[in-house]
Amino acid sequence: MASLFQEDGAIRIIEGPEQSDGPSADGGFRVEPNVIANKFKKFVREYAYNTAGAGGINVGTLKYREQLQQNCSRGEYYLVVNLNDLNTHEDGEVLAHALQDRPTEMVPLCERVLKELYKELVAGDEVEDLAVEKLPFIQLVLTCDVDLEGSFGTMKPMMIRDLTSSEVEKLVVVQGIVISVKKAKHKARKVVMKCSNCENMKEITVPDGYSAAHIPSGCDGRPALLEKCPPNPWVIQDELCEFVDDQTLKLQELPEHVPVGEMPRSFDLHVHNHLVDKCVPGTRLTTIGAFCATERAAGSSMAGGRGKGTETVKYSYIKVIGLDVAQGGKAALDISPEEEERFAQLAKDPEIREKIYQSIAPSICASKKDVIDEVKKALACLLFGGSRKYLPDGTRMRGDINILLMGDPGTAKSQFLKFAEKAAPIAVYTSGKGSSAAGLTAAIVRDRDGFSLEGGAMVLADGGIVCIDEFDKMDVKDRVAIHEAMEQQTISIAKAGITTMLNTRCSVVAAANPRFGTYDDLTNTADQMDFETTILSRFDMVFLVKDVRDPDRDYNLCKHMVSLHAGEAVETREGPLSVQELRKYLSYCRNRCDPRITPDAAEMLKNHYVSIRQAMKQEKATIPITVRQLEAIIRMSESLAKMEMRDDVGVGHVEEALRLFTVSTLDSANKDRATVGLETLSEEEKEELQKAEEQIRRLVPRGGRKNKFQLESMLVQTAGIEERMARRAIHIMLMRNELQERANSTLQRDA
């Protein structure tokens with residue numbers, strides 16, 4: 001075979017063996033390495049952006065040639081090549097095919113070509129005489145345009161569980177989340193040895209990945225006339241060796257890719273040189289690499305000892321050739337320009353907030369009597385989030401909103417959490433009993449090389465949300481562990497010689513039951529909340545979701561549930577925006593909008609906050625109203641503005657945020673719900689309550705005493721008052737100090 005190449009105006013003929021044009025052993029067409037080397041050289045020199053300029057002339061820069069020159073002039077010896085460019089270029093196509101089939105062989109070949117190009121394009125005359133080996137090593141980094149839906153780009157990412165034996169020694173593209181990062185080590189790329197007998201020097205080049213250097217047993221330095229050197233005479237000269245950075249990462253499947261009931265699988269990635277220290281635990285990334293199967297140290301189990309051979313079950317890992325680190329929502333979603341245009345139009349719709357509220361958990365039925373509608377609005381605020389602020393002194397103020405849903409069983413709390421997990425671009429769902437402090441924050445794991453750090457649920461959800469169900473069943477010690485993560489949004493660790501700080505910039509949605517399982521109207525809220533005030537003050541909104549017993553509501557709810565099960569209520573299962581659209585709109589708004597509060601809105605907020613503090617001081621509230629709650633209202637106002645893609649938070653946004661705050665946290669903070677809750681009673685119920693109070697005044701004279709239970713039964717039997725109303729009337733009179741509790745469950749009326 002003879003190939004013709006025109007390079008620098010000269011025609012060169014490359015001779016190759018005749019049989020190379022035929023099929024190779026693996027059924028494909030093998031192209032000679034020197035042919036590929038020349039094609040790659042030509043590709044780097046000639047590839048230009050195809051941007052049409054005036055008069056239809058392609059005005060473009062030589063993309064890779066300039067990149068190589070710029071990187072080398074900065075002292076960064078690497079070149080990033082896009083696989084899509086290789087596929088579109090006539091010379092690159094052959095190389096792209098060869099890279100996909102034989103990456104272990106092709107990458108060193110391309111790196112040798114890069115050295116030659118460095119000599120020609122960058123270095124100039126001073127290195128003209130130097131051999132290629134003496135030139136600096138230039139790393140080839142690959143990248144490709146990958147789309148999660150697989151609708152664009154040449155290489156669709158593979159699942160970690162699809163890496164089977166057929167992919168060994170092939171180029172693979174894998175997506176995942178980094179769960180542990182080992183510390184960087186230094187591996188010898190070039191080993192220089194000296195013979196201890198005749199001082200002959202020898203160099204050995206070590207390939208990338210987990211591979212050992214094969215040291216020859218004999219010295220070939222002496223001519224045949226002189227005496228031979230003894231066997232194994234080599235001594236390694238450390239100061240003359242060339243080293244390269246080397247690191248191992250552990251990549252786990254993305255939570256959304258793990259099939260139900262399966263354990264997430266993980267893989268080791270081997271990165272070197274310029275790709276080292278690119279990520280931390282919790283980073284989502286797309287990696288391109290060669291899928292290798294090898295022994296940990298090649299040759300370690302072959303030499304010495306009878307009966308030792310090579311291991312047949314190999315250790316598999318991915319030798320990384322390119323990393324694309326994506327942090328936050330960008331990792332999960334790609335938004336096309338058409339969608340961006342549609343979202344910009346959508347944000348101008350005056351009804352956009354209502355549409356978003358209706359799209360939040362549309363299958364959950366709400367009524368006027370409960371707070372489900374308010375919970376939907378709060379959840380929308382949480383998903384959009386406020387604005388994170390960085391102060392000049394380095395302090396960071398969080399922009400994420402935390403919500404606690406507290407209430408009776410069967411009020412769709414867990415359903416809200418499940419929906420939030422589906423709608424958020426990044427989400428982790430855990431249950432209180434099944435998670436420990438280390439599982440939520442970070443764990444120190446011991447391995448062969450000492451201790452390493454593995455991120456927990458809150459670190460993995462950095463930039464997203466964490467849903468914690470059964471929050472009240474968590475151990476108190478474990479609950480304390482997330483204090484710092486919720487307010488400062490970091491996790492500090494000082495264990496086993498590791499002192500570090502990890503980011504946990506995530507929102508928390510928690511669901512819990514009251515202390516006795518269900519909510520009791522007549523006992524004050526403080527006795528039923530099984531939480532310390534320290535954790536309650538970290539939640540921006542605390543909702544009491546009660547199971548209201550009301551015939552109309554029950555009828556509507558029942559009708560809704562039956563139609564859902566029968567599969568009739570299609571429009572109720574899908575809101576105005578589908579879950580996928582909502583996710584993309586969320587991602588779009590969060591990345592492009594950062595609202596700030598206006599002076600008018602700030603003035604209004606100040607006045608309201610002062611009056612709320614004044615009222616709460618008199619009532620001695622369960623949930624402390626502190627500056628954190630003021631920040632909560634600001635964050636809610638910002639998220640409401642973000643839904644409409646506004647840069648300014650107006651008075652209307654603050655009013656809505658204050659209303660949400662009033663129906664959630666203030667409502668829960670009221671110590672005496674029964675006295676304040678009178679507004680929720682109907683006219684007939686109010687009349688019956690007054691009637692019950694009159695009866696109590698008749699039955700108990702001023703200064704007189706009566707047994708509490710006897711009084712209740714007398715009201716029910718003689719006056720025909722409902723038992724619930726009788727108890728409520730007694731409770732209200734106790735609150736007004738009209739009745740006093742005395743020993744043996746007796747009540748005494750004021751004299």
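The side-chain hydrogen bond (donor to acceptor under 3.5 Å, both in side chains) check on E656 picks up R659, with sequence neighbours excluded.
Side chains of D400 and Q489: a donor on one and an acceptor on the other come within 3.5 Å. Side-chain polar atoms of E638 and H653 form no donor-acceptor pair below 3.5 angstrom. Using a 3.5 Å distance cut-off with no hydrogens or angles, the side chains of S537 and Q629 do not pair a donor with an acceptor. Between the side chains of D469 and S431, no donor N or O sits under 3.5 Å from an acceptor N or O. For N402 and S507, the side-chain atoms include no donor-acceptor pair closer than 3.5 Å. When only modelled atom types and interatomic distance are considered, D600 and T598 share no side-chain donor-acceptor pair under 3.5 Å.
With hydrogens and angles disregarded, no donor-acceptor distance shorter than 3.5 Å links the side chain of R398 to the backbone of C506. Under the 3.5 Å distance criterion, the side-chain polar atoms of N503 are left unmatched by any main-chain donor or acceptor of R505. At least one donor-acceptor pair closer than 3.5 Å links the side chain of R538 to the backbone N or O of H483. Under the 3.5 Å distance criterion, the side-chain polar atoms of Y357 are left unmatched by any main-chain donor or acceptor of I352. Here the side chain of D408 pairs no donor or acceptor atom with the backbone of V545 at under 3.5 angstrom. Proximity of a side-chain donor or acceptor of D648 to a complementary backbone N or O of G650 within less than 3.5 Å is not detected. With hydrogens and angles disregarded, no donor-acceptor distance shorter than 3.5 Å links the side chain of K250 to the backbone of V178. E253 places no side-chain N or O within donor-acceptor distance of the main-chain N or O of V258, the cut-off being under 3.5 Å. The closest donor-acceptor contact from the side chain of S563 to the backbone of K559 lies under 3.5 Å. Side-chain N or O atoms of K413 include one that pairs as donor or acceptor with a backbone N or O of G407 at under 3.5 Å.
Side-chain atoms of L251 and I177, non-hydrogen and from C-beta on, never get closer than 4.5 Å to each other. Looking at heavy atoms from C-beta onward, M406 lies out of side-chain contact with F471 at the 4.5 angstrom threshold. In this structure, the side chains of F539 and I403 stay at 4.5 Å or more apart for every pair of heavy atoms. Side-chain contact between S639 and I401 is present, with heavy atoms from C-beta onward closer than 4.5 Å. Counting heavy atoms from C-beta on, the side chains of I633 and L605 come closer than 4.5 Å. Within the 4.5 Å cutoff, the side chain of M458 has heavy atoms near those of the I482 side chain. Put simply, the side chain of I634 does not reach to within 4.5 Å of the side chain of V649, judged on heavy atoms. Taking the side chain as every heavy atom from C-beta outward, E655 and M604 approach each other to under 4.5 Å.
Proximity of the aromatic rings of Y609 and F661 is defined here by a centroid distance below 6.0 angstrom, and this criterion is not met.
Applying the 6.0 Å contact sphere to NZ of K389 captures more than 12 heavy atoms from other residues, nucleotides or ligands. Counting non-hydrogen atoms of other residues, nucleotides and ligands closer than 6.0 Å to OH of Y390 gives a total above 12. More than 12 heavy atoms of other shown residues, nucleotides or ligands fall within 6.0 angstrom of atom CD in E262. Heavy atoms of other residues, nucleotides or ligands lying less than 6.0 angstrom from CZ of R646 number 12 at most.
Distance check, rounded to the nearest 0.5 Å: OG of S587 to CD of E339 gives 10.5 Å. Distance check, rounded to the nearest 0.5 Å: NZ of K546 to CD1 of I372 gives 12.5 Å. Here S363 contributes atom OG and M561 contributes atom CE; the two are 8.5 Å apart, rounded to the nearest 0.5 Å. Remark: L285 CG to L249 CG distance equals 7.5 Å, nearest 0.5 Å.
The two residues L660 and A378 come nearest to each other via the heavy atoms CD2-N, 4.4 Å.
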Q.
Run the side chain to side chain contact (heavy atoms under 4.5 Å, CB included) test on T287 and V172 for me, step by step, so that the C-alpha distance in whole Å, both residues' side-chain angles and the decisive distance to 0.1 Å come before the verdict.
A. CA-CA 8 Å; T287 176; V172 292; over 6 Å; no
Q: Apply side chain to side chain contact (heavy atoms under 4.5 Å, CB included) to I321 and L171, showing your working.
A: CA-CA 9 Å; I321 306 170; L171 196 72; 3.7 Å; yes
Q: Run the numbers on F416 and V509 for side chain to side chain contact (heavy atoms under 4.5 Å, CB included), then give the verdict.
A: CA-CA 9 Å; F416 273 123; V509 198; over 6 Å; no
Q: Using the side chain to side chain contact (heavy atoms under 4.5 Å, CB included) rule, take T490 and R396 through it: C-alpha gap first, then chi angles, then the decisive distance, then the call.
A: CA-CA 10 Å; T490 55; R396 186 167 69 188; 3.4 Å; yes
Q: Report the C-alpha distance between R635 and D540 in whole Å, list the side-chain angles of each, state the deciding distance to 0.1 Å, and finish with yes or no for salt bridge (charged side-chain N to carboxylate O under 4.0 Å, His left out).
A: CA-CA 9 Å; R635 278 193 287 273; D540 299 347; 3.1 Å; yes
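Note: Y588 and F343 have tilted aromatic rings, judged against thresholds of 30 and 60 degrees for the angle between ring planes.
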